[in-house]
Structures are given as structure tokens and as C-alpha cells.
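All values below come from the heavy atoms of this structure, side chains included, with hydrogens, waters and symmetry mates left out.
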Amino acid sequence: MAPLRPAVPRRPRCSEIFPEQKRLALSDQQARIAILQRGERCLSAAGSSEALRTCMKEQRSASQRQREQHRAAMKALFERNGIPLPQWGKGERKGGWGEGRRPGPDSI
């Protein structure tokens, strides 16, 4: 008879958390749409350059808060299920914004 191995807890695969991941993505999308709609109403009602600037600042900070909340919710989901976190953020990208899309002045 083969020796019994101790039971190792099985880590869930990403496909197993899909329903909650989808729910979080839809919730995030709805929140982002609401932020954009509030921003549009604010911009439409703005009567001065200062009011426009205030609207844009408020929308930018609301978007940043939403992004942080969504990341925190995703992080909690992955941690609860013992899944290593994906590397979000800038990381090591292949060049900066827009690089490689247009020839630079040296390539002419």
C-alpha cells in the first residue's frame, strides 16, 4: 500500500474566481461611467475657466479614488483565494508613452 501524502490545500485557478472578478469589473465600469457623467454635467454647467478647472480636478480625483478602490478589491479577491498578485503599475515597460509609434527626428 502506498504511503498517504498529507493533503495540500488546492489553490483556486483564476477561472474559478471569474464570477466575482466579473462582478467587480462591472461594478468598476458602472462607477467610472457615473464619474464621467458627473463630470459632463459639471462641465456643462461651468460658467468660467476656473469652474472648468475645478470640474476637471474633481473628476480626476474621483477617477483616482475609484481606481484605488478597484485595485484594493481585486487585491483582496486574489489574496482570499491564494492567487499571486499580478504586477500592476508601470513595471518595466518597453519605452515611454508613444515611443515606437512615430519616427523620431533622428530617423529621417
Q. Is there a side-chain contact between Gln29 and Arg32 (heavy atoms, below 4.5 Å)?
A.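 Yes, at least one pair of side-chain atoms sits under 4.5 Å.
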Q.
In the structure I gave you, are the side-chain heavy atoms of Lys75 and Arg80 within less than 4.5 Å of one another anywhere?
A.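 Side-chain contact under 4.5 Å: no.
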Q: Search all heavy atoms of Glu58 against all heavy atoms of Cys42 and return the closest pair with its distance.
A: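 Smallest interatomic distance, heavy atoms only, reads OE1-SG, 4.4 Å.
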Q | Exercise: identify the closest heavy-atom pair between Ala62 and Ile35 | A |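 That would be O-CD1, 3.5 Å.
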Look up atom [atom1] in [X] and atom [atom2] in [Y], then write down how far apart they are to the nearest 0.5 Å.
| X | Y | atom1 | atom2 | answer |
| --- | --- | --- | --- | --- |
| Phe78 | Glu20 | CZ | CD | 10.5 Å |
| Leu52 | Leu43 | CG | CG | 6.0 Å |
| Ile17 | Ile83 | CD1 | CD1 | 3.5 Å |
| Arg38 | Ile33 | CZ | CD1 | 12.0 Å |

Q. Do Leu85 and Met74 share a hydrophobic cluster, counting only Ile, Leu, Val, Met, Phe, Trp and Tyr and linking them when any side-chain heavy atoms are less than 4.5 Å apart?
A.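 Hydrophobic grouping puts Leu85 with Met74.
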Q: Would you please test Arg53 and Glu50 for side chain to side chain contact (heavy atoms under 4.5 Å, CB included) and show each step?
A: CA-CA 5 Å; Arg53 195 174 4 256; Glu50 185 59 36; 3.2 Å; yes
Q. Less than 4.0 Å between a side-chain N and a carboxylate O, is that true for Arg65 and Glu68?
A.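 Judged by the 4.0 Å cut-off on N to carboxylate O distance, Glu68 and Arg65 do not form a salt bridge.
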Q: Identify the residue among Gln66, Arg23, Gln69 that makes a side-chain contact (heavy atoms from CB on, under 4.5 Å) with Asp28.
A: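 Between Asp28 and the candidates, side-chain contact (heavy atoms from CB on, under 4.5 Å) is satisfied uniquely by Gln66.
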Q | Atom CD of Glu40 with >12 non-hydrogen neighbours under 6.0 angstrom | A |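 No, not enclosed.
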